[in-house]
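Naming: A, B, ... by sequence-line order, numbering from 1 per chain.
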Amino acid sequence: MTKKEKQQVAEICRILNETYGTDYKCYLNHENAWQLLIATMLSAQCTDARVNIVTKDLFVKYPTLQAFADADIKELEKDIYSTGFYKNKAKNIIGCAKKLISEYGGEVPSDIESLTKLDGVGRKTANVIRGNIYHEPSIVVDTHVKRISRLLGLTDSDDPVKIEHELMEKLPKEQWILYNIQIITLGRTICIARRPKCAECALNHVCPSANVTE
DNA sequence: CTCCCGATAT
DNA sequence: ATATCAGGAG
């Protein structure tokens, strides 16, 4: 990383912390680790607002991991229908709950290898659990982080794993988990995929992709 | 690479 | 009508 790149990264972090604060906030409502795991599974290609609507009733109807393990798949499909991909998600949730009970004593593991062995749990979901539940510094590369990190010039890769490692090299460790939530907040309100509001963006003077002339 | 898939904004 | 939403598996 050149000196100029270091300055740009430092400026990005400074602005993000100033604009969006340094308090970590999880947008997926949950009361424990397995609830966050299921909420994150449901969040694939679905807004977090929709997930929270669904999980509000879901976690009352299925109050324990065992309840999910014992769930009727057709009924669970109906319960999560509005989040999309409901057949895969229902199957994965039941399989995941069973595996957590049989192999992990009903606890959610904290290492990437174990997490990604669970049905329907990939690297992104695993990193959400590590960051939120176990407070391990980790970069969650979701659709917003990928898109905006590319716009900022922090990476030119399409591969989430490469992006994760590039960001880990460039961002200070204490910023990793904050960066996730700050970028997601930015992506939902200002740097919207379909129509970025560059003129309103706090990062527009450090963003190579900013278009303020509109 | 394709498929899974409903809800929402534009 | 179409792009997009805290992705993952085959």
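As judged by a 4.0 angstrom heavy-atom cut-off over every strand, A:Thr143 is placed among residues touching the sugar-phosphate backbone only. Using a 4.0 Å heavy-atom distance criterion, A:Ile181 is classed as a base contact.
A:Tyr62 pairs by the side-chain hydrogen bond (donor to acceptor under 3.5 Å, both in side chains) definition with A:Asp79, not counting sequence neighbours. Partners of A:Phe85 under the ring-ring contact (aromatic ring centres under 6.0 Å, His included) rule, at least two apart in sequence or in another chain, do not exist in this structure. Under the rule for a ring-ring contact (aromatic ring centres under 6.0 Å, His included), A:Trp176 has no partner lying at least two apart in sequence or in another chain.
Taking atom P in both B:dA7 and C:dA9, the straight-line distance is 24 Å, to the nearest Å. Here, C:dT2 and B:dC5 have their C1' atoms 15 Å apart, quoted to the whole Å. Comparing the same atom, P, in C:dA6 and in B:dT2 gives a spacing of 24 Å after rounding to whole Å.
Looking only at atom types and distance, the side chain of A:Tyr27 has no donor-acceptor partner in the side chain of A:Ser43 under 3.5 Å away. For the 3.5 Å distance criterion, the side chains of A:Asn127 and A:Glu136 fail to qualify, holding no donor opposite an acceptor.
In summary, A:Glu75 and A:Lys61 engage in a salt bridge, as defined by a charged side-chain N under 4.0 Å from a carboxylate O. A salt bridge is absent between A:Glu103 and A:Lys98: the closest approach of a Lys/Arg side-chain nitrogen to an acidic carboxylate oxygen does not fall below 4.0 angstrom. Note on A:Asp158 versus A:Arg150: salt bridge recorded, some NZ/NE/NH1/NH2 to OD/OE distance being below 4.0 Å. Using a cut-off of 4.0 Å between Lys/Arg side-chain N and Asp/Glu carboxylate O, A:Arg14 and A:Glu18 are scored as salt-bridged.
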Please write out the pairs of protein N or O atoms and N or O atoms of nucleotides 5-9 of chain B separated by less than 3.5 Å, giving the distance to one decimal.
residue	atom	partner	partner atom	Å
B:dC5	OP1	A:Lys87	N	2.7
B:dC5	OP1	A:Asn88	N	3.2
B:dC5	O4'	A:Phe85	N	3.1
B:dA7	O3'	A:Arg50	NH2	2.8
B:dT8	OP1	A:Arg50	NH2	2.6

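Nucleotides of DNA chain C lying under 4.0 Å from heavy atoms of chain A occupy a range whose first and last members, 5' to 3', are C:dT2 to C:dA9.
With A:Ile93 as the fixed residue, the side-chain contact (heavy atoms from CB on, under 4.5 Å) test singles out one of A:Leu37, A:Asp119, A:Leu42: A:Leu42.
Heavy-atom contacts from other residues, nucleotides or ligands closer than 6.0 Å to CD of A:Glu5 number more than 12.
The stretch residues 118-131 of chain A comes close to DNA chain C through A:Leu118, A:Gly120, A:Val121, A:Gly122, A:Arg123, A:Lys124, A:Thr125, A:Val128, each having a heavy atom under 4.0 Å from the strand.
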